[in-house]
2 protein chains.
Amino acid sequence: MEKSPKPTDAELAILRVLWQRGPSTVKQVQQVLEATKKAGYTTVLKFMQIMVEKGLVTRDESPFAHVYQARVPREQTQRTLVADLLERAFEGSTSRLLLQALATKKATPEELAEIRKILKNHERGIQ
Amino acid sequence: MEKSPKPTDAELAILRVLWQRGPSTVKQVQQVLEATKKAGYTTVLKFMQIMVEKGLVTRDESPFAHVYQARVPREQTQRTLVADLLERAFEGSTSRLLLQALATKKATPEELAEIRKILKNHERGIQ
DNA sequence: TAAAGTCAACGAATATTTTCGTAATGAATA
DNA sequence: TATTCATTACGAAAATATTCGTTGACTTTA
């Protein structure tokens, strides 16, 4: 079983791009990131090298441009992060977490429907 | 309106003690923390001094032992943290957040009932 | 008043995260 | 082959977070 270390902010931002785009070169990732954060090429490269060492991504050393790929699944990382926040800030209470999540961000009716569905599925699973 | 900077891990651990115990001295906080983390007295003191500077806590400079108190409300801090996580890891999707939260931690029937209640209240508020 | 104890202040040391300058490599091309 | 271009490698610098040793102030008590 793999350990899934908690990625830093910068690492998570890179993972998000890889999850969304699939395997990408440093340049491709950097171009996406420079829109929001202003991260230079070597900065992004450095992080991706660190992430290879940590096992967060794999690198395909293709002839010219190396192609990187997320090694940790999105959902697993999300679970790690939300479990961490639950413990650190909510004393483990999922209901409190949801309460504050809804308080900061008005969910659309579609989101609410989705939440109800998740809840229903979860209850069925528990029976 | 106050800004509510995201507390670091160590700062959040101290805030949790203050939220739970109410106004406390450094020693009292340190005694609670050394059970879980092994934080020395001066370490805790240093953080609490930093937190005064950042405006996270206030200090009552009583005759002998200074008494510290959380200045940021628990719920506001929780909202800041969950909003941050929503953006950084869930593309803003509250339903995804809940899904993964339920996936990591089996909610008790009471928790589920609580969650349903929160959802119902929230829907009523939206109408 | 002296000694011992308690606590805060200060600053240094360490660790971690983030950023980027510069050099090296290898391919394409003039 | 020499030059240019795109990319990676290396390592240092800067920023931030964490930890703690030491000093000094004040209180109590012997």
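So that the names make sense, note that chain A is the first sequence line, chain B the second, and so on, each numbered from 1.
- Distances were taken from every side-chain heavy atom of Asp9(A) (C-beta onward) to each of dA9(D), dT18(D), dT18(C); the shortest belongs to dT18(C).
- The side chain of Arg59(B) places an N or O atom within less than 4.0 Å of a non-bridging phosphate oxygen (OP1 or OP2) of dA9(C).
- Between dC20(D) and Thr43(B), a contact under 4.0 Å exists linking OP1 or OP2 to a side-chain N or O.
- The CZ atom of Arg71(A) sits 12.0 Å away from the CE atom of Met51(A) when rounded to the nearest 0.5 Å.
- A donor-acceptor pair under 3.5 Å is formed between the side chain of Gln30(B) and the backbone N or O of Ala39(B).
- Of the candidate nucleotides dG11(C), dT18(C), dA9(C), dG11(C) has the atom nearest to the side chain of Lys46(B).
- Counting any heavy atom pair closer than 4.0 Å across all strands shown, Gln49(A) reaches a base atom.
- The distance between atom CZ of Arg88(B) and atom C1' of dT17(C), rounded to the nearest whole Å, is 13 Å.
- How far CG of Asp84(A) is from CG of Asp9(B): 6.5 Å, rounded to the nearest 0.5 Å.
- Spacing between atom NZ of Lys54(B) and atom C1' of dT18(D) amounts to 11 Å, rounded to whole angstrom units.
- Among the nucleotides dA17(D), dC20(C), dT22(D), the one closest to the side chain of Thr42(B) is dT22(D).
- Put simply, Thr8(B) has a side-chain N or O that comes within less than 4.0 Å of OP1 or OP2 on dT18(D).
- Ile50(B) has its CD1 atom 12 Å from the C1' atom of dG11(C), to the nearest Å.
- In this structure, His66(A) places its NE2 atom 11 Å from C1' of dG26(C), rounding to the nearest Å.
- Each of Glu75(B), Arg74(B), Arg79(B) was checked for a side chain to side chain donor-acceptor pair (under 3.5 Å) with Gln100(A), and the lone residue meeting it is Arg79(B).
- Across the protein-nucleic acid pair, Leu45(B) atom CG and dC20(D) atom C1' stand 11 Å apart, rounded to whole Å.
- In this structure, Asp60(A) atom CG and dT8(D) atom C1' are separated by 15 Å, rounded to whole Å.
- Following rounding to the nearest Å, Gln31(A) (CD) and dA6(D) (C1') show an atom-to-atom distance of 12 Å.
- Taken to the nearest 0.5 Å, the CE atom of Met48(A) stands 11.5 Å off from the NE2 atom of His66(A).
- A straight line from NZ of Lys6(B) to P of dT17(C) spans 12 Å, rounded to a whole angstrom.
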